[in-house]
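Reading through the structure tokens given below for one structure.
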2 protein chains.
Amino acid sequence: MLGLLSFRDGRTGYDLKKWADASLRFFYWSPAISQIYAELRRLEELGLVTSRRSGPEEPRAKRRYTITADGRDALAAWAEGTHDCGPPVLKHPLVLRVWLGHLAVPGTLRTLVERHRDRTRAALRDVREALAGVGAAPEGDFPRVALGWSERQHLAELELAEAMLADLERLRCGPPDGNRRALDGRAGAGPPAPRRQHPQDAPTHG
Amino acid sequence: MLGLLSFRDGRTGYDLKKWADASLRFFYWSPAISQIYAELRRLEELGLVTSRRSGPEEPRAKRRYTITADGRDALAAWAEGTHDCGPPVLKHPLVLRVWLGHLAVPGTLRTLVERHRDRTRAALRDVREALAGVGAAPEGDFPRVALGWSERQHLAELELAEAMLADLERLRCGPPDGNRRALDGRAGAGPPAPRRQHPQDAPTHG
DNA sequence: TTGCCCATGTAATTTGTTACATGATTTA
DNA sequence: TAAATCATGTAACAAATTACATGGGCAA
């Protein structure tokens with residue numbers, strides 16, 4: 001919340017939710033609206049933000065929040081320095097399902113991965129929209145880098161989905177032994193498995 | 001927990017924790033040990049697992065858990081069918097820091113990204129270790145696909161880190177205008193920005 | 001005038017973590 | 001014999017969600 005407000009003051013909780021949905025959520029997370037309101041109240045209690053109710057000049061009653069000097073200090077204290085920011089956390093339900101593939105009806109996983117791929121394509125469009133919304137102004141420099149990262153991340157996610165699809169296909173129609181034919185009358189029918197050895201190329205110099 | 005037990009019965013809570021740390025965590029999540037114990041008790045209450053204390057035949061007193069028929073049914077009900085499994089959730093603190101780059105002391109982000117890259121390399125080694133541990137047996141087929149996905153995912157993460165490093169460098173020594181030189185006496189000194197246009201290539205046929 | 005978006009909140013619940021407590025067995 | 005690992009738990013707390021409740025403004 002402080003981060004969002006550090007870009008632009010005078011937002012309402014509702015505004016912050018929409019903003020988080022449109023950009024933060026791609027590389028971090030967008031809290032529930034109820035949590036945003038709760039958190040803003042908490043931050044105000046801590047003196048890190050202030051709020052003012054809109055008067056009758058606005059058609060709609062709302063509460064706009066502004067970050068205080070203390071708030072900027074607190075945010076800067078968190079954002080500066082090289083203290084470790086911790087590993088990324090990934091929860092990928094689809095891969096979990098694949099991991100448990102032995103429990104699934106054969107055709108299922110393919111459907112699920114394809115659905116994931118389509119969803120990722122949609123998300124990619126959203127990222128690009130967000131990226132377009134940032135514009136070229138210098139204050140958008142870092143958000144642009146973050147969203148650029150997200151764009152590439154989603155492209156990578158698409159490739160990962162395709163690769164997994166290929167893996168599953170390989171599993172279905174011909175396990176590793178390389179010596180079985182006509183397993184079910186249509187062996188070798190699948191897409192010709194885009195030549196992709198197991199990558200042995202780790203930049204492991206570390 | 002049910003998923004883990006569906007591969008191999010007779011594990012202790014402690015076993016499950018180690019196992020989750022070694023494989024589940026790469027694409028999903030590894031719960032705290034205290035939560036594992038709590039969850040196992042809950043599952044037993046629901047009749048989805050049973051447990052037996054080890055008798056004096058074992059040197060150490062432990063409680064081993066086994067999935068019941070009901071448990072298998074419940075797991076299968078969850079794992080079969082094509083109901084949506086939901087989008088992946090990513091919380092990437094590093095990208096969040098970058099997004100707030102305007103608050104950071106100039107050199108900082110570079111250090112953080114490099115640290116992330118090193119950490120990812122280490123994680124990649126762990127994934128490969130896990131992959132080696134699965135072996136070639138057919139019951140490891142799906143875990144192998146999931147871990148293979150994780151391996152590629154970590155490789156992608158490395159590339160994303162490098163690309164972001166390049167973006168940040170570009171930001172530091174010469175914003176888009178393309179007409180500024182000798183900005184700080186070492187313009188153009190950085191790594192020569194591995195030719196990488198903004199990818200316009202979205203497989204967007206969806 | 002109906003339904004959607006704006007706007008703010010409360011309450012209950014779920015989910016998960018950390019810190020603490022305990023003790024046995026193995027290994028250096 | 002000290003430290004690490006195995007093994008299980010309790011209690012307090014933190015984080016976050018869902019469901020519910022309310023009401024004004026705007027557009028079809």
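Worth knowing before you read on, the calculation uses all heavy atoms, side chains too, and leaves out hydrogens, waters and symmetry mates. Numbers restart at 1 for each chain; the letters A, B, ... are given by sequence-line order, proteins then strands. A quick note: this is a predicted structure, and the numbers were derived from the prediction, not measured.
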- Note on the structure: Residue pairs passing the salt bridge (Lys or Arg N to Asp or Glu O under 4.0 Å) test with at least one member in residues 63-79 of chain A, sequence neighbours excluded, are A/Glu58-A/Arg64
- Query: Does A/Asp15 pair with A/Arg8 as a salt bridge, N-O distance under 4.0 Å?
  - Reply: no
- Under the salt bridge (Lys or Arg N to Asp or Glu O under 4.0 Å) test, which residues partner A/Asp9, sequence neighbours left out? none
- Task: Figure out the CD/C1' separation between B/Glu57 and C/dT25, and round it to whole Å.
- Result: 16 Å
- Provide, to the nearest angstrom, the distance between the NZ atom belonging to B/Lys17 and the C1' atom belonging to C/dT18. 13 Å
- Item | Value rounded to 0.5 Å, distance of CG in B/Leu158 from CD in B/Gln153 | 9.5 Å
- Taking only heavy atoms on the protein side, list every residue of residues 32-52 of chain A lying under 4.0 Å from any atom of DNA chain D, sorted numerically. A/Ala32, A/Ser34, A/Gln35
- Message: Between the opening five pairs and the closing five pairs of the helix from C/dT1-D/dA28 to C/dA28-D/dT1, how far apart are the helix axes, to 10°?
- Response: 40°
- Task: Quick one: list whatever passes side-chain hydrogen bond (donor to acceptor under 3.5 Å, both in side chains) with B/Arg11, sequence neighbours left out.
- Result: none
- Under a criterion of less than 4.0 angstrom to any heavy atom of chain A, what are the 5'-terminal and 3'-terminal contacting nucleotides of DNA chain D? D/dA16 to D/dG25
- Donor-acceptor pair between A/Glu157 and A/Thr120 side chains, under 3.5 angstrom: no
- By nearest nucleotide on DNA chain D, pick out whichever of B/Asp15 and A/Trp29 is the more 5' one. B/Asp15
- Message: With salt bridge (Lys or Arg N to Asp or Glu O under 4.0 Å) as the rule and sequence neighbours excluded, what pairs involving residues 100-116 of chain A come up?
- Response: A/Arg110-A/Glu114
- Item | For A/Glu162, all residues meeting salt bridge (Lys or Arg N to Asp or Glu O under 4.0 Å), sequence neighbours excluded | A/Arg117
- Message: Contact between B/Arg152 and A/Asp167 at the side-chain level, heavy atoms closer than 4.5 Å - yes or no?
- Response: yes
For nucleotides 2-6 of chain C, tabulate all protein N/O to nucleotide N/O atom pairs closer than 3.5 Å, reporting atom names and distance.
residue	atom	partner	partner atom	Å
C/dC6	OP2	A/Tyr14	OH	2.7
C/dC6	O5'	A/Tyr14	OH	3.4
C/dC6	O2	A/Arg60	NH1	2.8

Output a table of donor-acceptor pairs, distance under 3.5 Å, between side-chain atoms of residues 96-106 of chain B and any protein atom two or more places apart or on a different chain; print 'none' if there are none.
residue	atom	partner	partner atom	Å
B/Arg97	NE	A/Ala79	O	3.3
B/Arg97	NH2	A/Ala79	O	2.5
B/Arg97	NH2	A/Gly81	O	3.0
B/His102	NE2	A/Ser6	OG	3.3

- Considering residues at least two apart in sequence or located in another chain, which fulfil the salt bridge (Lys or Arg N to Asp or Glu O under 4.0 Å) criterion with B/Asp21? B/Lys17
- Inter- and intrachain pairs under salt bridge (Lys or Arg N to Asp or Glu O under 4.0 Å), touching residues 23-39 of chain B, at least two apart: B/Arg25-B/Asp126, B/Glu39-B/Arg42
- Identify, between B/Lys91 and B/Tyr65, the residue whose nearest nucleotide on DNA chain D lies closer to the 5' end. B/Tyr65
- Task: Determine whether A/His116 and B/Cys85 make a side-chain contact, defined as any pair of heavy atoms from C-beta on separated by less than 4.5 Å.
- Result: no
